[in-house]
Amino acid sequence: MALDWYLAVSALIFCIGAGGVLVRRNPLVVLLCLELMLNAANLALITFARMHGGEAGQIFALIVMVVAACEVTVGLGLLVAISRRNLPIDVDKLHELNG
Amino acid sequence: MSVVMFFLAAGAAIIGAIGVVTLRNPLYSVLALVCHLVALAALFLLLRAEFVAAAQVVVYAGAVMVLYVFVVAYVGGGEEVSAGSTLRILGPLFALALAVELFIALLGSALSGIHRYGAPYKLGFGTPEQIGRLFLTDYLFPFEVASLLLLVAAIGAVVLARRRRGLEEGALELKDLLAMPRPAYTGTIAEGVGVRRVREQLEQAHGGVTEVVPAGAPGSEEQS
């Protein structure tokens, strides 16, 4: 299987994720779409690792997974704090920091 | 065989991704993401990244998604109101433009000319042994930074999501806190600021607060 097909899949998934981040309003789903984008980047990194025959890309992908796990943890913590204060679960209404 | 596997896995990954974006119920979005992640792990296996594929299934589809499911159950995925904003139209347009741009970059680049089928396969490529060796030699610093980042994120999540005393019903009320004996000149700024207001309310309600605030508490000194 030619490797550019993998890059095409990765690009497609990234675009779907980016569109989801813009369209959806539930912060939970926005986080899920961010995961999609990070996973697309992971797929591209691993494809490049296969292309060059070195494992550096796989190391990068693992680090990206760590960063994604951290982001999810903090994001879900924020979400739990928001729901505990009975604030609306909607990114359009949560603009207190907007100034 | 690998072509069939690729198209199956890629199709499942893309359908899962579309499901994450389009499904209304957040719980179904999470399940679609699990499907997407498993399909992606199959793609990783096809690219001979065995360890990353295993980590993907165990860490992502196993641990992170369980966290998501719990939070969906806790928050209660409320149905979204249909967004009438301009982003509703601009978002898909932006995604489409991004896709076109990425595909132009992909087709125009020389990547496909150089290594269309990848480097020749070495024995032991992508095994845990190889990854572990690289993590402890060439990439030791990123490894340590990642562990520190995980620690910070874990502490941050606990601090963000912890139960705060006094904010929920059934916990101690503010007047009980004020009545609690404590050394003079101690207490939080919030209590110091809130003391006057709460005492006024209590005075209206009970006609005096001398029985609530014991002598020696900082509030009684301020007000007398």
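Letters go in sequence order (proteins before strands), and every chain restarts at 1. Computed over heavy atoms, backbone and side chain alike; hydrogens, waters and symmetry mates excluded.
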Any non-hydrogen side-chain atom of A/Asn39 less than 4.5 Å from a side-chain atom of B/Gln56? yes
For B/Thr22, is it the side chain, the backbone, both or neither that has a heavy atom under 4.5 Å from a heavy atom of chain A? backbone
When you measure from the side chain of A/Glu55 to the backbone of B/Gly126, do you find a donor-acceptor pair of N or O atoms at a distance under 3.5 Å? yes
Tell me, for B/Leu37 versus chain A, whether the close heavy atoms (under 4.5 Å) come from the side chain, the backbone, both or neither. side chain
Would you say A/Arg24's side chain and B/Val21's backbone share a donor-acceptor pair under 3.5 angstrom? yes
Pick whichever of A/Val80, A/Leu22, A/Thr73, A/Ile59 has the most heavy-atom pairs under 4.5 Å with chain B. A/Ile59
Of the listed residues (B/Tyr74, B/Phe70, B/Phe94, B/Phe51), which shares the most heavy-atom pairs with chain A below a 4.5 Å separation? B/Tyr74
Between B/Leu149 and chain A, with a heavy-atom cut-off of 4.5 Å, which part of the residue counts as in contact: side chain, backbone, both or neither? both
Between A/Arg50 and B/Arg48, is there a donor-acceptor pair closer than 3.5 Å when you use the side chain of the first and the backbone of the second? no
Looking at every non-hydrogen atom in both residues, tell me the closest pair between A/Asp4 and B/Leu106 and how far apart they are. O-CD2, 4.1 Å
Between CG of A/Leu32 and OH of B/Tyr68, what distance do you get to the nearest 0.5 Å? 4.5 Å
So which atom in A/Val23 and which in B/Gly91 form the shortest heavy-atom distance, rounded to 0.1 Å? CG2-CA, 4.1 Å
Atom CZ of B/Phe103 and atom CG of A/Leu7: how far apart are they, to the nearest 0.5 Å? 9.5 Å
Minimal heavy-atom distance between A/Cys15 and B/Ala95, with the atoms involved, is O-CB, 3.5 Å
I need the minimum non-hydrogen distance between B/Tyr139 and A/Ala56, along with the two atoms involved. OH-CB, 3.2 Å
Using non-hydrogen atoms and a 4.5 Å limit, figure out which bit of A/Ile46 sits close to chain B: side chain, backbone, both or neither. both
How many angstroms lie between CD1 in B/Ile14 and CG in A/Leu36, if you round to the nearest 0.5 Å? 11.5 Å
CG on B/Leu98 to CZ on A/Phe14, rounded to 0.5 Å: 6.0 Å
State the CG-CG distance between A/Asn42 and B/Leu40, to the nearest 0.5 angstrom. 7.5 Å
Answer whether the closest heavy-atom distance between the side chains of B/Leu47 and A/Leu3 falls below 4.5 Å. yes
For B/Phe7, which atoms come within 4.5 Å of any heavy atom of chain A: side chain, backbone, both, or neither? side chain
Which atoms of A/Ile16 are under 4.5 Å from chain B, going by heavy atoms: the side chain, the backbone, both sets, or neither? both
Please flag which part of A/Leu31 lies under 4.5 Å from any non-hydrogen atom of chain B: side chain, backbone, both or neither. both
Report which part of B/Val71 has an atom under 4.5 Å of a heavy atom belonging to chain A: side chain, backbone, both, or neither. side chain
If you tally heavy-atom pairs under 4.5 Å against chain B, which of A/Val21, A/Leu43, A/Leu12 wins? A/Leu43
Which one, A/Gly53, A/Ala68, A/Gly20, A/Ser83, leads in non-hydrogen pairs under 4.5 Å with chain B? A/Gly53
Specify the closest pair of heavy atoms between B/Val52 and A/Ala61, including all atoms of both residues, with the distance to one decimal. CG1-CB, 4.4 Å
Interatomic distance, B/Phe143 atom CZ to A/Ile63 atom CD1 [nearest 0.5 angstrom]: 8.5 Å
Heavy-atom distances under 4.5 Å only: say whether B/Val145 touches chain A with side chain, backbone, both or neither. neither
So, for A/Arg84 and B/Ala161, which heavy atoms are closest and what is the spacing to 0.1 Å? NH1-O, 2.6 Å
